[in-house]
2 protein chains.
Amino acid sequence: MASRPKPHDHAACVSDAMARAEHICAETGARFTPLRRRVLERIWAGHKPTGAYEILEDLGRDDGKPVAPVTVYRALDFLMAHGLVHRLNSLNAFIGCPRAGAGHEAVFLICEDCKRVAEIDDPAVGETLARDAADQGFSVSTQMIEVMGRCPDCQAAAHG
Amino acid sequence: MASRPKPHDHAACVSDAMARAEHICAETGARFTPLRRRVLERIWAGHKPTGAYEILEDLGRDDGKPVAPVTVYRALDFLMAHGLVHRLNSLNAFIGCPRAGAGHEAVFLICEDCKRVAEIDDPAVGETLARDAADQGFSVSTQMIEVMGRCPDCQAAAHG
DNA sequence: TGATGTAATGTAACGTTATAACGTGTCAAT
DNA sequence: ATTGACACGTTATAACGTTACATTACATCA
Ligand SMILES: [Zn+2]
Ligand SMILES: [Zn+2]
Ligand SMILES: [Zn+2]
Ligand SMILES: [Zn+2]
């Protein structure tokens with residue numbers, strides 16, 4: 001509790017993300033419907049990996065009317081297709097992309113303690129993998145790189 | 001169908017894997033029980049990613065007596081703990097490790113067409129990731145790197 | 001040998017994650 | 001108004017994974 005390295009104005013962080021989404025959808029002619037907006041908002045709200053059923057429950061809580069799984073998954077598919085969220089395969093969860101729009105190969109640093117995720121983008125990683133794949137005659141379409149470990153805060157908290 | 005680049009003597013490939021498993025378990029004092037052996041055999045049999053329930057059904061078919069999911073998962077946990085199989089998170093499936101014993105950070109090349117998987121091990125990838133993580137003050141415990149794309153055979157088959 | 005402790009497996013129920021199949025509403029272009 | 005594309009609703013089911021507790025196998029030692 002001593003230091004707060006990054007104040008992280010989360011309200012701004014969320015509204016930025018929504019504005020970016022709006023912009024991207026407008027550009028591509030994609031329909032950023034209320035449902036999709038709500039799902040994206042919900043994902044950004046906690047700023048950490050969020051399960052589909054977690055979203056589902058929250059949407060249902062918001063306005064009584066229960067939501068079906070498929071509804072959420074469809075929205076998630078849309079958001080992923082437009083690069084607005086990523087799926088974390090090791091967690092069966094989704095997280096907002098802080099660099100939406102840039103068609104990127106991301107690397108995720110997932111804290112095993114607090115579950116927070118940092119998305120970094122080192123082109124060298126993708127290049128190395130592409131080269132390795134090419135050596136095998138393998139042509140790459142997409143990558144999934146998830147690194148588990150401990151974030152700085154949680155290391156400090158464990159003050160080991 | 002024209003060329004067969006690698007004849008791949010699969011019988012030998014499987015029996016090698018089983019022998020390695022035997023050896024590793026003997027060394028570490030782990031019990032390579034009949035159940036665990038059957039699960040590992042089943043995974044190697046197809047030489048491609050195999051779902052837990054696929055294994056489950058085959059075990060049940062073998063000797064009438066149905067097998068419960070938990071039984072399979074327990075065996076899989078054991079096999080993973082001893083580095084004999086890997087889990088492919090993007091497929092919810094398991095595959096035998098061709099380099100069992102070496103505690104390694106593997107990279108998986110997964111063919112989206114034929115589902116075959118090549119396991120490669122380029123230390124540079126892990127090093128780069130570790131450095132990237134360190135830059136963020138993040139300490140790495142494990143990694144998961146899965147590359148989707150097309151294997152040489154399937155590229156040839158599509159003769160694009 | 002039989003008692004004892006530990007690891008492995010059996011059994012039943014349950015929980016979580018994801019998709020299939022088909023119907024209805026919405027909206028814009030012709 | 002008709003058409004067609006797309007989003008969303010509804011229901012059911014598939015696929016994946018775990019909890020809790022009972023039983024059995026196996027080694028160790030009194
Ligand atoms: Zn934020
Ligand atoms: Zn943390
Ligand atoms: Zn083989
Ligand atoms: Zn292939």
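Side chains are part of it too, since the values below use all heavy atoms of this structure and drop only hydrogens, waters and symmetry mates. For clarity, every value in this text was computed on a predicted model and none was experimentally measured. Letters A, B, ... are given to chains in the order of the sequence lines, protein chains preceding strands, and every chain is numbered from 1.
Remark: A/Asp77 does not engage A/Arg74 in a salt bridge, criterion side-chain N to carboxylate O under 4.0 Å. By the 4.0 Å N-to-carboxylate-O rule, A/Arg116 lies close enough to A/Asp153 to be salt-bridged with it.
Judged as a side chain to side chain contact (heavy atoms under 4.5 Å, CB included), and not counting sequence neighbours, the contacts of B/Val140 are A/Val147, B/Ala133, B/Phe138, B/Gln143. A search for salt bridge (Lys or Arg N to Asp or Glu O under 4.0 Å) contacts involving A/Glu119 returns A/Arg99, not counting sequence neighbours.
Along DNA chain C, the nucleotide closest to B/Pro66 and the one closest to B/Asn92 are compared, and the more 5′ of them pairs with B/Pro66. Mapped onto DNA chain C by nearest heavy atom, B/Thr71 and A/Gly51 fall at different nucleotides, with B/Thr71 at the one closer to the 5' end.
Rounding to whole angstrom units, CZ of residue A/Arg74 and P of C/dG23 are separated by 14 Å.
Taking 4.5 Å as the limit, every side-chain heavy atom of B/Leu109 sits out of range of all side-chain heavy atoms of B/Met148.
Residue B/Leu40 holds its CG atom at 9.5 Å from CG of B/Leu76, rounded to the nearest 0.5 Å. Atom NE2 of residue A/His104 and atom SG of residue A/Cys97 lie 3.5 Å apart, to the nearest 0.5 angstrom.
Residue pairs meeting the side chain to side chain donor-acceptor pair (under 3.5 Å) criterion with at least one member in residues 14-34 of chain A, sequence neighbours excluded, are A/Glu22-A/Arg37.
Boundaries of the chain A contact region on DNA chain D are D/dA7 to D/dT11, first to last in 5' to 3' order (nucleotide atom under 4.0 Å from a heavy atom).
Between A/Tyr53 and A/Tyr73, the ring planes lie perpendicular to each other; the angle is over 60°, past the 30° to 60° tilted range.
Residues from residues 28-36 of chain A that place a heavy atom under 4.0 Å from any atom of DNA chain D, listed by number: A/Arg31, A/Thr33, A/Leu35, A/Arg36. For DNA chain D, none of the residues of residues 53-64 of chain A falls under the heavy-atom distance limit of 4.0 Å.
A donor-acceptor pair under 3.5 Å is formed between the side chain of B/His10 and the backbone N or O of B/Ala45.
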